[in-house]
Structures are given as structure tokens and as C-alpha cells.
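Working notes, structure below.
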Amino acid sequence: MSLDCQGTIREYPSFSANGDAEALHKAMKGLGCNDTAVAGILCARSSAQRQQIALAYKTMYGKDLCDSLKSELKGDFEDLILALMETPARYDARQLREAMKGMGTNEKLIIEIMCTRSNQQIHAIKADYKQMYNRDLEKDLKSETGGHFERLLVSLSCGGRDESNNVDMKRAEQDAEALYKAGEKRFGTDESMFNSILATQNFAQLRKVFAVYGKFASHDIEKAIENEMSGDLRDGLLTVVKCAKNRPAYFATCLHDAMKGFGTRDKDLIRVIVTRCEVDMVQIKSEFYRLFEKQLEAVIQGDCSGSYKNGLIALVKGN
């Protein structure tokens with residue numbers, strides 16, 4: 001992915017943590033809550049600024065801002081605002097814990113986070129996961145998954161991918177041939193070869209490997225993975241490939257999937273918009289339009305309602 005990705009939400013220029021804390025206090029005082037005022041402030045500040053507002057609020061009023069928001073807000077709007085109040089790493093750590101606790105595992109959510117985050121993000125998530133739950137993320141991933149999918153997640157949880165943009169053409173040709181021999185050319189699949197290449201190399205190098213792969217095979221790398229793998233391993237490897245090729249397009253598709261058909265998958269919608277609004281939402285919006293010939297804001301407008309809709313649109317439009 002190109003290095004010039006931009007978020008729609010940036011540091012708010014004339015920022016005053018005390019001023020915002022006071023305005024939020026007023027919005028929640030008395031009967032009912034002024035949702036518009038809450039969204040107007042919290043959906044227009046960066047994550048770091050929201051942390052400063054929370055500190056100012058506690059200092060000024062002797063109570064926790066998140067507790068106040070919880071008692072005043074409800075439904076999807078409450079979920080959106082509380083998601084915004086967590087630091088990105090804490091939010092991802094909480095999502096991963098939710099995906100693994102209790103009966104059953106939400107592999108789709110685990111794939112979305114583990115296969116798309118940078119090394120720095122992975123290390124921050126692991127540290128917060130340990131601090132929040134006194135548990136080891138890698139151990140939990142191992143206990144909840146198995147086989148080659150488990151190995152892929154363990155590889156990714158190391159946060160050790162090469163993140164340079166260096167491309168070695170000779171190596172790309174060797175790796176493309178190795179992937180072809182590990183999959184289509186043999187009876188049975190050598191999954192560990194796919195793992196060792198897709199979990200370690202930088203995205204520019206992987207794009208070169210995928211381009212060369214077509215010389216050996218009659219179709220692209222995605223088709224090979226679909227033919228050779230199944231289940232969660234297939235989905236995880238495909239996510240890595242999609243992110244290497246075009247990460248904003250991957251998230252644009254996630255947003256589309258969350259809103260297509262009958263009903264909205266609000267948890268997915270909130271998670272993608274909250275986690276990408278400071279990273280690459282500008283590019284996600286243009287990819288959304290390219291892929292689905294609709295403006296992202298217009299689809300949200302048609303799918304959601306009330307303060308929840310306004311909050312999502314504010315994050316997508318940006319400050």
C-alpha cells in the first residue's frame with residue numbers, strides 16, 4: 001500500500017480539553033442528553049485529544065467521562081462513542097478478547113485485526129491485552145485456534161514483518177515459484193511455505209511476488225489460495241493478500257458487507273470506521289466509490305439513523 005494514506009480525523013486545531021470537558025458536562029446535565037453536542041465534540045477530535053478531554057473531565061468534575069456517557073447514551077450511538085473513547089490499541093485488545101471469550105470464537109474478527117495491523121500496532125495491542133486482562137494474547141490465540149491457521153496467527157502476533165519498501169526482484173521470482181510448487185504443482189499443499197512468505201515480507205515485495213506468480217500459474221494468487229486452502233486459514237491468507245495489494249479496498253469491502261442486504265452489522269460498521277478514521281479513511285472512501293459506485297456517506301445515510309448516523313458521517317467526512 002502506498003505510504004501516503006490519510007485519515008479524515010486529525011488533531012483539532014483550536015483544541016481546549018477543559019473547554020470540551022465543560023461542554024460535555026453541560027450536554028449531559030439535567031434531563032436527557034444533548035446527543036448532537038456530544039457527537040459534535042467527540043467525533044471531531046483525534047484519539048489523543050479525546051484522552052485529554054477524559055482527563056480534564058475527571059479533574060474538573062471528579063467523575064469518569066466514560067461512566068457519564070454510559071449512563072446518558074444508549075444503543076448504537078453509545079457503542080460508537082464509547083469505542084471512540086478508547087485508545088486504538090485498547091480498543092483492538094478488547095475486540096480480540098470479546099472474540100475469544102465464552103463459547104465459540106469469532107475468527108472473522110480475529111482475522112480482520114491480526115492480518116491488517118502494523119508491527120507497532122500489534123506490539124501495542126499485546127501490551128494492552130496483557131495489562132487489561134493479565135493474559136497473553138499469543139497463548140489465547142493458540143488455545144482458541146488450531147492447525148495452520150493457528151500458526152499464521154502466531155506468526156502475525158510476533159509483529160515482525162519487514163516494513164521497508166525494498167523490493168528484490170530475484171527473490172520475488174524465487175518465492176513466486178516456491179508458492180506455485182507448494183500449492184498448485186503438487187498433490188496436497190505445503191501451507192508452511194505460504195505462511196513463511198506471506199507473514200514475513202513487506203507489502204511492496206509481496207505485490208511483486210503476486211505479479212510474478214502469474215508467469216507460473218494460469219490465475220492469480222487469490223484463486224490459488226481459494227483452490228488450495230479452506231476455512232479460516234484461507235480467509236486469513238486472503239486477507240493478507242488483499243491488504244498487501246490494497247488495504248483501503250479491503251476495508252471498503254468490509255464496510256460494504258456490513259451494510260448490504262437486510263439489516264446492518266453495526267458492530268462491524270463501528271469497528272471499521274473508528275479504527276480507520278485516523279489512518280486511511282480518505283482512501284477507503286475513494287475505494288468504496290470505485291468498487292460500489294456509491295458514496296460511503298450516502299450509504300450510511302440510508303442505512304442508519306439519528307445521532308448514530310450523524311456520528312458515523314462526521315467521522316467519515318472528517319474534521
Side-chain angles (χ1 to χ4, degrees), residues 79 83 86 88-119 121-126 128-130 132-133 135-161 183 189-200 206 221-245 247 249-261 263-276:
D79 293 343
E86 293 208 83
R90 278 182 77 83
Y91 180 72
D92 278 349
R94 193 181 302 282
Q95 294 287 307
L96 287 168
R97 185 76 207 112
E98 292 292 322
M100 292 187 278
K101 76 178 192 194
M103 288 288 287
T105 306
N106 184 344
E107 289 89 356
K108 186 179 171 296
L109 197 159
I110 293 171
I111 287 168
E112 184 195 303
I113 294 175
M114 296 304 298
C115 296
T116 67
R117 301 308 192 244
S118 69
N119 291 346
Q121 287 172 318
I122 294 284
H123 292 301
I125 291 164
K126 287 199 308 193
D128 277 352
Y129 191 90
K130 182 80 177 164
M132 291 161 77
Y133 304 110
R135 301 173 70 98
D136 183 81
L137 177 59
E138 187 189 309
K139 277 187 187 155
D140 280 355
L141 289 168
K142 284 167 85 166
S143 76
E144 291 293 327
T145 59
H148 289 284
F149 179 54
E150 176 200 317
R151 290 182 202 176
L152 173 66
L153 293 177
V154 170
S155 296
L156 295 169
S157 74
C158 294
R161 182 186 295 283
T189 308
D190 178 5
E191 291 91 350
S192 61
M193 179 60 72
F194 280 81
N195 194 91
S196 68
I197 293 170
L198 294 180
T200 61
L206 285 178
I221 191 76
E222 281 109 321
K223 192 78 192 143
I225 291 169
E226 281 167 16
N227 291 346
E228 297 295 322
M229 318 280 179
S230 62
D232 300 320
L233 175 65
R234 177 197 61 210
D235 296 345
L237 291 173
L238 282 174
T239 300
V240 173
V241 170
K242 285 170 186 169
C243 284
K245 284 186 168 184
R247 187 158 23 202
Y250 167 77
F251 282 112
T253 305
C254 290
L255 288 171
H256 180 257
D257 290 349
M259 293 185 282
K260 75 180 182 190
T264 306
R265 301 212 314 258
D266 294 291
K267 280 187 165 66
D268 295 347
L269 187 58
I270 290 168
R271 185 179 61 254
V272 175
I273 289 179
V274 167
T275 57
R276 306 318 291 181

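Excluded from the calculations below are hydrogen atoms, water molecules and symmetry mates; all remaining heavy atoms, backbone and side chain alike, are included. Computed from a predicted structure; not experimentally measured. FYI, the numbering just counts along the sequence from 1.
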Can you name the nearest heavy-atom pair linking E107 to T105, along with the distance?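 For E107 versus T105, the nearest heavy atoms are OE1-O, 2.7 Å.
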
Do the charged groups of [X] and [Y] touch, with an N to O distance under 4.0 Å?
{"X": "E138", "Y": "K126", "result": "no"}
{"X": "E112", "Y": "R271", "result": "yes"}
{"X": "K245", "Y": "E222", "result": "yes"}
{"X": "R90", "Y": "D128", "result": "no"}
{"X": "R117", "Y": "D92", "result": "yes"}

With a 4.5 Å heavy-atom cut-off, do I197 and L206 have their side chains touching? yes

Less than 4.5 Å apart, side chain to side chain, heavy atoms only: is that true for V241 and L237? no

Does C115 form a side chain to side chain contact (heavy atoms under 4.5 Å, CB included) with L156? I'd like the steps, not just the answer. CA-CA 7 Å; C115 296; L156 295 169; 3.6 Å; yes

Between L152, L141, D140, which is the residue that forms a side chain to side chain contact (heavy atoms under 4.5 Å, CB included) with S157?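 It is L141; the other options fail the test.
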
Restricting to salt bridge (Lys or Arg N to Asp or Glu O under 4.0 Å), what partner residues turn up for K139, sequence neighbours left out? none

Partners passing ring-ring contact (aromatic ring centres under 6.0 Å, His included) against H123 (at least two apart in sequence or in another chain): none

Verdict with supporting geometry, M259 and D266, side chain to side chain contact (heavy atoms under 4.5 Å, CB included): CA-CA 8 Å; M259 293 185 282; D266 294 291; over 6 Å; no

Quick check: does any side chain N or O of E228 sit under 3.5 Å from a backbone N or O of I225, one acting as donor and the other as acceptor?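 Not confirmed, E228 side chain does not pair with I225 backbone.
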
Please determine whether side chain to side chain contact (heavy atoms under 4.5 Å, CB included) holds for the pair M100 and R97, giving the CA-CA distance in whole Å, both sets of side-chain angles, and the decisive distance to 0.1 Å. CA-CA 5 Å; M100 292 187 278; R97 185 76 207 112; 4.0 Å; yes

List the residues meeting side-chain hydrogen bond (donor to acceptor under 3.5 Å, both in side chains) with S192, not counting sequence neighbours, and say none if there are none. D190

